[in-house]
Amino acid sequence: EPDEEPLLERVQRLREYRDALLQQRDELQRLQAQQKEWLDTLTSSLEVAEETESEVYRRWLEDIEQINQALDVTLERIIVYRQNSVAAKDQASLIRMIEWGRVATLEEQLRAQEAIIEATSRALADERLLASEAQELTHALEMAEARASRLRAELAEAREALFLSEYAT
């Protein structure tokens, strides 16, 4: 009988090990399930973020397209107005008409560039923008600002020429 006691103790110890191992397995399975849930959540969050960022960029592209379409329509109207205008009475009238068309065209181009600057700045302020998209928009903003600056200078010259043409006669 004394030999049986160590055997019983051994069986008891093995049962304790088994129970401890089962408990560890359950804990590992629970942790695995949590990890899988976390990864699934992260993956879906990244997909949503990617779509949202692309949405910001797509919205910017749509805004720029609308601005450019509006500019095209306005410039066409100016061209049609010039073509449909009655022939100038004299050289001075012709010069005024040409200068007016130039001023109107430059004003519209400047309005379009300012709208592009506003739309681009708004898109750049959105933190959901991808880094590559932000880089592209930063370049687009710099270009729009440079164009606007050039247009302001040209517009000032055109307004002065229009003013002078009105007093040329």
- Task: Would you kindly confirm whether Leu61 and Leu129 end up in one hydrophobic cluster when ILVMFWY residues are joined by side chain heavy atoms under 4.5 Å apart?
- Result: yes
- Message: I'd like to know if Arg58 and Glu62 make a salt bridge, using a cut-off of under 4.0 Å between side-chain N and carboxylate O.
- Response: no
- Reported CD-to-OG1 distance for the pair Gln109 and Thr74, which is rounded to 0.5 angstrom: 11.0 Å
- Item | Salt bridge flag under 4.0 Å for residues Arg59 and Glu55 | yes
- Task: Quick one: pull up CD in Glu166 and CD1 in Ile95 and give me the separation to the nearest 0.5 Å.
- Result: 12.5 Å
- Taking all non-hydrogen atoms of both residues into account, name the closest pair between Val103 and Arg159 and its distance. CG2-N, 3.7 Å
- Note, Asn68 side chain near Ile64 side chain (heavy atom, < 4.5 Å): yes
- Item | Nearest atoms (heavy-atom pairs only) where Ile67 meets Ala112 | CG2-O, 3.6 Å
- Message: With heavy-atom distances below 4.5 Å as the criterion, would you say the side chains of Asp63 and Arg122 are in contact?
- Response: yes
- Message: What's the separation between atom CZ in Arg102 and atom CD in Glu157, rounded to the nearest 0.5 Å?
- Response: 6.5 Å
- Message: Rounded to the nearest 0.5 Å, what separates atom CD in Glu107 from atom CD1 in Ile78?
- Response: 8.5 Å
- Item | Spatial distance of atom CG (Leu31) from atom CH2 (Trp38) [nearest 0.5 Å] | 14.0 Å
- For Arg10, does the CZ atom have more than 12 heavy-atom neighbours from other residues, nucleotides or ligands under 6.0 Å away? no
- Could you check if a side-chain atom of Thr105 sits within less than 4.5 angstrom of a side-chain atom of Glu108, using non-hydrogen atoms only? no
- Would you call Arg147-Glu114 a salt bridge at under 4.0 Å N-O? no
- Message: Could you check whether any side-chain N or O of Ser149 sits under 3.5 Å from a backbone N or O of Ala146, counting only pairs where one atom can act as donor and the other as acceptor?
- Response: no
- Does the side chain of Gln23 pick up a donor-acceptor pair with the side chain of Glu27 at under 3.5 Å? no
- Indicate the atoms forming the closest heavy-atom contact of Leu137 with Ala123, along with that distance. CD2-CB, 3.4 Å
- Query: Looking only at heavy atoms, what is the nearest atom pair of Leu124 and Ala134, with distance?
  - Reply: CD2-O, 3.5 Å
- Item | Atom CD of Gln29 with >12 non-hydrogen neighbours under 6.0 angstrom | yes
- Query: CH2 of Trp60 to CD of Glu65: how many Å apart, nearest 0.5 Å?
  - Reply: 11.0 Å
- Item | For Ala148 against Gln113, the heavy-atom pair lying closest together | CB-CB, 4.0 Å
- Within a strict 4.5 Å, meaning less than it, do heavy atoms of the Val56 and Glu133 side chains meet? no
- Message: Between Leu164 and Tyr167, is there shared hydrophobic-cluster membership here, with clusters defined by ILVMFWY side-chain heavy atoms closer than 4.5 Å?
- Response: yes
- Nearest non-hydrogen partners of Leu162 and Trp100, listed with the distance: CD1-N, 3.7 Å
- Crowded around Arg150 CZ? As in, over 12 foreign heavy atoms under 6.0 Å? yes
- Query: Do Tyr57 and Leu130 touch side chain to side chain, with heavy atoms closer than 4.5 Å?
  - Reply: no
